[in-house]
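Read through the structure below, which is laid out as structure tokens, and then see the notes.
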Amino acid sequence: MGGSRRAGGASRGGIVTPDDPTWSRVDRYLESELVQPDDALHDNLVASAAAGLPSIQVSAPQGKFLELLARAIGARRILEIGTLGGYSATWLARGLPPDGWLLSLELVSRYAEVARGNLARAGVTDRVEIRVGPALASLAEISKRGEGPFDLVFIDADKPNNPGYVRWAVQLTRPGSWLVIDNVVRGGRVADPTDPDPNVRGTREAVAWIAAETRLEATALQTVGGKGYDGFLLARVRTPA
Ligand code: SAH
Ligand code: DHB
Ligand code: MG
């Protein structure tokens, strides 16, 4: 979720990405009317901004979507790749039962510290663990320790590593588990096979791998909102026929 910071009308390969102020206005309306993030979530954004973290977390409506998804599938164990200030982690943790577990992976220890403070203020530290380091190394360690399977994996870190992350996600889940990948549209750039941006290439390679992986069935939805024009991919690990 998050999204393209590109100014209106920029185009590559004939793809036009206008940034319509209506998207933010409607997000503000939906957020105030329907989603109603509480003080802890509001304070998370304030503390993260004050600490100088980039403002690239999911929007409140997207966060609520993650919470609802976790609850819909009855998730008890969630793996998140890309913690930042723990904003999406807070939403996901709220979708867990009291004895559930969210393991969130973050490269930057300073971000993880900010996230730990935010998660404590949100009252979800009993359910959330943050591990610092390059996620590919953390994922190998999780596998070695046999800490899977996870019911839901939310992939939202460095996009060039998305092919590696989806491979690990399949390793660390079970039939019937779910995967969500953020930022798969990137202002429309994902549809351009000639785009040299490593973020776009990483996402396209992950999408192609998922398409060829018979253990997965998937779709992706384009989104607009306060974070611009982007989208997310939803995949399910198939159960035996
Ligand atoms: N999921 C968060 C936003 C994550 S932003 C939310 O919506 O609230 C992406 C995060 O991935 C950043 O915090 C960045 O530091 C982290 N990241 C980048 N490369 C990484 C890597 N190799 N391993 C783990 N985390 C990484
Ligand atoms: C951006 C947005 C995201 O949601 C993310 O995970 C990474 C980057 C961005 O807007 O640049
Ligand atoms: Mg994102």
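Because the structure is a prediction, the values reported are computed rather than measured. Read the numbers this way: they start at 1 and go in the same order the structure lists the ligands and their atoms. Side chains included, hydrogens not; waters and symmetry mates left out as well; all remaining heavy atoms used.
Heavy atoms of Thr83 found under 4.0 angstrom from ligand 1 belong exclusively to the backbone. Within the 4.0 Å heavy-atom criterion, neither part of Trp91 lies near ligand 1. Residue contacts with ligand 1 for Tyr111 involve side-chain atoms from C-beta outward but no N, CA, C or O (heavy atoms, distance under 4.0 Å).
Inter-residue side-chain proximity for Leu216 and Arg236 is flagged as unmet; no heavy-atom pair is nearer than 4.5 Å. Side-chain contact between Ile81 and Ser104: absent, with no pair of heavy atoms (C-beta onward) separated by less than 4.5 Å.
Close N/O approach between Asn161 and ligand 1 is not found [any backbone or side-chain N/O within under 3.5 Å]. At least one N or O atom of Ala135, backbone or side chain, sits closer than 3.5 Å to an N or O atom of ligand 1. The shortest N/O to N/O separation between Gly82 and ligand 1 falls below 3.5 Å. Between Pro134 and ligand 1, a contact under 3.5 Å exists for no N or O pair. Residue contacts with ligand 1: Gln57 is placed with no nitrogen or oxygen under 3.5 Å of a nitrogen or oxygen of the ligand (distance criterion only). For ligand 1, the polar-atom distance check against Val108 finds no nitrogen or oxygen pair separated by under 3.5 Å.
At least one N/O/S atom of Asn183, from backbone or side chain, sits under 2.8 Å from the Mg ion (ligand 3).
Set against the non-hydrogen atoms of Asn183, the atoms of ligand 2 under 4.0 Å away are 2 (C), 3 (C), 4 (O), 5 (C), 6 (O). Here is the list of ligand 1 atoms found below 4.0 Å of a heavy atom in Tyr165: 21 (C), 22 (N), 23 (N).
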Run Val132 and Leu107 through side-chain contact (heavy atoms from CB on, under 4.5 Å) and show every step you take. CA-CA 5 Å; Val132 174; Leu107 176 65; over 6 Å; no
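Checked against the Mg ion (ligand 3), the N, O or S atom of Asp156 at the shortest distance is OD1.
Linking Ile, Leu, Val, Met, Phe, Trp and Tyr whenever their side-chain heavy atoms come within less than 4.5 Å puts Val166 and Leu103 in one cluster. By the rule that hydrophobic residues join a cluster once side-chain heavy atoms approach within less than 4.5 Å of another member, Val200 and Val184 end up as members of separate clusters.
The nearest heavy-atom contact from the protein to atom 14 (C) of ligand 1 is Glu106 OE2, 3.4 Å. The shortest contact between atom 26 (C) of ligand 1 and any protein heavy atom is with Leu107 CB, 3.5 Å.
Using a cutoff of 4.0 Å between basic side-chain nitrogens and carboxylate oxygens, Asp230 and Arg189 are not scored as salt-bridged.
Ligand 1 does not have Ser138 within reach: every non-hydrogen atom of the residue lies 4.0 Å or more from it.
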